[in-house]
Amino acid sequence: MKKIPKRIRQVCECLVRGLNNREISEELDISYITVKLHVSRALKLFGVKDRTQLVIAYLKEKKMLDEYNYEEQKDERVQTLTKVIDKLA
């Protein structure tokens with residue numbers, strides 16, 4: 001799984017919503033040029049050539065992260081429950 005910097009993640013979330021660079025700059029209160037820089041970095045990070053591919057790659061990666069986090073939380077809940085049961089036994 002990729003380590004996605006916070007600002008690139010925020011820009012990708014805006015792209016998912018269909019915002020253009022100008023709208024993203026207003027939403028995140030950063031310059032238009034900075035948005036272009038983050039989009040370029042995101043394209044390289046995900047190894048894709050255009051914004052549509054970026055959105056697809058980002059959503060796939062996010063789904064994998066969400067599933068990983070769910071499994072990790074599930075494991076923690078099972079461990080906690082097991083400890084409680086052991087104490088009661």
Side-chain angles (χ1 to χ4, degrees):
M1 283 181 260
K2 294 174 178 52
K3 171 87 169 114
I4 306 169
K6 179 181 177 183
R7 189 56 94 177
I8 289 179
R9 197 170 51 248
Q10 291 171 330
V11 168
C12 288
E13 288 291 334
C14 289
L15 291 173
V16 167
R17 293 178 20 226
L19 301 182
N20 63 36
N21 288 356
R22 181 67 58 205
E23 293 166 329
I24 294 170
S25 72
E26 291 170 5
E27 170 106 2
L28 300 178
D29 197 28
I30 57 178
S31 75
Y32 178 82
I33 301 296
T34 302
V35 172
K36 288 178 70 170
L37 177 66
H38 288 310
V39 170
S40 293
R41 287 183 177 161
L43 290 168
K44 287 179 187 172
L45 177 68
F46 286 96
V48 295
K49 296 183 186 209
D50 62 46
R51 294 161 73 101
T52 302
Q53 292 176 348
L54 175 57
V55 167
I56 292 167
Y58 173 73
L59 289 173
K60 285 180 181 177
E61 184 74 17
K62 184 178 174 187
K63 184 177 187 307
M64 287 178 15
L65 286 171
D66 289 347
E67 288 174 358
Y68 173 78
N69 289 336
Y70 173 77
E71 289 300 319
E72 192 174 78
Q73 291 170 0
K74 183 175 141 186
D75 290 344
E76 289 173 11
R77 288 191 302 265
V78 168
Q79 289 173 359
T80 301
L81 187 56
T82 302
K83 286 177 185 176
V84 169
I85 291 169
D86 287 346
K87 286 182 181 179
L88 293 174

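For reference, positions follow the sequence shown, starting with 1. Since we're looking at a predicted model, the values are computed, not measured.
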### Query
Given Thr34 and Ser25, is the side chain to side chain contact (heavy atoms under 4.5 Å, CB included) satisfied, shown in steps?
CA-CA 8 Å; Thr34 302; Ser25 72; over 6 Å; no

Straight-line distance of [X] [atom1] to [Y] [atom2], nearest 0.5 Å:
X     : Y     : atom1 : atom2 : result
Cys14 : Asn20 : SG    : CG    : 10.5 Å
Arg9  : Tyr58 : CZ    : OH    : 6.5 Å
Glu13 : Glu27 : CD    : CD    : 10.5 Å

### Message
Regarding Glu23 and Arg17, does a basic nitrogen lie under 4.0 Å from an acidic carboxylate oxygen?
### Response
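No.
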
Under 4.5 Å between side-chain heavy atoms, counting indirect links through other Ile/Leu/Val/Met/Phe/Trp/Tyr residues: same cluster for [X] and [Y] or not?
X     : Y     : answer
Leu37 : Ile8  : no
Leu59 : Leu15 : yes
Leu43 : Leu28 : yes
Ile4  : Ile56 : no
Leu54 : Ile30 : yes

